[in-house]
Asker: 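Here it is, the structure in full.
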Amino acid sequence: MNFRQLTLLALTIVSGSLVSGLYGVTRDQINSNREQFEQKQLYAVVNNDSLTLTKVDGAHYLLTDDNSAAGSVTLVTTKAGYNGVITLWVSTDEVGDIRGVRTAAHRETPGIGDIIDRDVSGWIDQFTGSIEQVDIVSGATITTRAVINAVNNHLEDTFTADSFIKEKRHE
Amino acid sequence: MNDYASIAKDGLWSNNPALVQLLGLCPLLAVSNTFVTALGLGLVTLLVLTAANMIISLLRNLLYDAIRLPIQVLIIATLVTLADIALQSWYFELHQRIGLFVALIVTNCTLLGRAEVFASRNPLLASMVDGITMGLGFLWVLLIMGTVREVLGHGTLFHNFHLLFGAKDVTLHFAETGFLLMVLPPGAFLTLGCLIAFKNYLEMRGRERGKTLSVPG
C-alpha cells in the first residue's frame, strides 16, 4: 500500500467512527424523540389526554380509562385518493363514535387535496362524535371522498352499526 | 480592498452561489416554500459548508490528484450525516419537515465547488471566511425566496417558527389562502428568475454609472 491509499483509508476510518460515535451517543435521544412525536400525534387523534394508550402493533393502539376499555386508535389506508396512498389515524370509542381522525401521510396536491392535512386546514376536525355528514370540498372531491369512505369502511369493519357518515354537498 | 473583504463580497454578492454560480438549485428550489424550512436548511448548509472548507483546507497537503475528489466527497458526506443525526436529536420536528433535503446537501454542488476551487488551495482562515460568506450568500437568497413564496403562496409568514427556536408561535397571517402556483416548484423558478434579473439590473446600472463617472472632463 502506498501513502495515498493509506491516507484515504485513514480518513475513511475517522469519518466512519465519527458518524457511528455520534449515532451511538444520540440513538436513545432520537428514539425517544420519535416516540414522543408519535405519541403527540396519537393524542391529537384521541382528543383526550386522560386516556392511556397501549400499543398492540404499529398500526393499532388500544385506549383504556382506569383499566376499562375506551376504544382504539387504528391506522387506516386508502388508495382512492388523487395521488397514491392516504394513511389516516382513526380513533373511536367503544360504541362506534369517532374520537378523532388525523392524516398521517398523504401525497395529495399541495394547495388543493392537502386540506386533509391538519397543518393546512381544519377540515378533518369535522370527524368527531356521532357525526352524520361531512363536507365534500369542491376541487378536492376525490381526496375528501376517499377520506370519508376510508373512515366509513373502518367503522363498518369494526362496528355493526349502519349509521355511517354521508357526504354533504353545498349547492 | 483586502483579501477577506473581497472573499466576502464574492460570496455574498458578486459570485453568489445561488444567483451567479447557480449551484445547489435542488435544495434551493425544494425548501424555499416557507421561511422556516428555508432558514433551517440554509443554516445547516452554512455550518456544513464552513466546516467542510476548514477541514479540506487543513488537509490540503494530503489531497493528491488521484484521491482528491473521493476525500472531498467523503468529508462532505460525513459532515452532512453528522448534521442529520444532530438535527434528529435536537430538532426532531424540524427534521420531519426538512430531513429529506438535509441528506441532499451532499449533492449541493456549492460544497464540492468551494472545496475544489477555494479550500483545497487556500489557508485555513481564508477558507473559513469563504465558507461562511458563501453559506450566508446562499442563506440570504433562500430567505428572500422563502419569504416571498410563503407570503404569496400560503398567506402567512414565520409559520412553524417555534420548531426552530422553541419560542411561542409567531406566525403572521395575511390571507386565508394563497396563490397556489407560488407553493409549487414553478413558483420557485419564477422567484429565483426575478431575483437573478434584479441582481443583474442592479449590476448593470452600477456599471453604467461607473462609466459616466470615469469620463474625463
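Side chains included, hydrogens not; waters and symmetry mates left out as well; all remaining heavy atoms used. Every chain is numbered from 1 and lettered A, B, ... according to where its sequence line falls, protein lines coming before strand lines. Remember, predicted model here, so these are calculated numbers, not experimental data.
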Asker: Is it the side chain or the backbone of A/Ser121 that comes within 4.5 Å of chain B heavy atoms, both, or neither?
Answerer: neither
Asker: Could you list which of residues 76-86 of chain B have a heavy atom closer than 4.5 Å to any heavy atom of chain A, in residue-number order?
Answerer: B/Thr78, B/Thr81, B/Leu82, B/Ile85, B/Ala86
Asker: Got a sec: does the CG of A/Asp57 have more than 12 other heavy atoms crowding it under 6.0 Å?
Answerer: yes
Asker: Look at the side chain of A/Asn33 and the backbone N and O of B/Phe92, then say whether any donor-acceptor pair between them is shorter than 3.5 Å.
Answerer: no
Asker: Please identify each residue that fulfils salt bridge (Lys or Arg N to Asp or Glu O under 4.0 Å) with B/Glu93, with sequence neighbours left out.
Answerer: A/Lys40
Asker: Decide if atom CG of A/Asn67 counts as having more than 12 heavy atoms of other residues, nucleotides or ligands within a radius under 6.0 Å.
Answerer: no
Asker: Is the count of non-hydrogen atoms from other residues, nucleotides or ligands lying under 6.0 Å from B/Tyr91 atom OH greater than 12?
Answerer: no
Asker: Can you tell me which portion of A/Ser15 sits under 4.5 Å from chain B's heavy atoms? Options are side chain, backbone, both or neither.
Answerer: both
Asker: Under a 4.5 Å heavy-atom cut-off, does chain B meet the side chain of A/Phe37, its backbone, both or neither?
Answerer: side chain
Asker: Please round to the nearest 0.5 Å and tell me the distance separating atom OG1 of A/Thr12 and atom CD1 of B/Ile75.
Answerer: 10.0 Å
Asker: Applying a criterion of heavy atom separation less than 4.5 Å, what residues of residues 47-65 of chain B form contacts with chain A?
Answerer: B/Leu59, B/Leu62, B/Tyr64
Asker: For A/Arg27, is it the side chain, the backbone, both, or neither that has a heavy atom closer than 4.5 Å to a heavy atom of chain B?
Answerer: neither
Asker: Hey, what do you get for CD (B/Gln72) to CG (A/Leu11), rounding to the nearest 0.5 Å?
Answerer: 11.5 Å
Asker: Do other residues, nucleotides or ligands put more than 12 heavy atoms under 6.0 Å from A/Ile142 CD1?
Answerer: no
Asker: Test side-chain contact (heavy atoms from CB on, under 4.5 Å) on B/Gln88 and A/Gln29 and set out the steps.
Answerer: CA-CA 9 Å; B/Gln88 283 190 52; A/Gln29 177 70 39; over 6 Å; no
Asker: Could you give the side-chain donor-acceptor pairs of residues 73-85 of chain A under 3.5 Å, partners two or more places apart or in another chain?
Answerer:
residue : atom : partner  : partner atom : Å
A/Thr74 : OG1  : A/His60  : ND1          : 3.2
A/Thr78 : OG1  : A/Ala80  : N            : 3.0
A/Asn83 : ND2  : A/Arg107 : O            : 2.9

Asker: Might you point out which heavy atoms bring A/Thr26 and B/Ser89 nearest each other, and give the distance in Å?
Answerer: CG2-OG, 3.7 Å
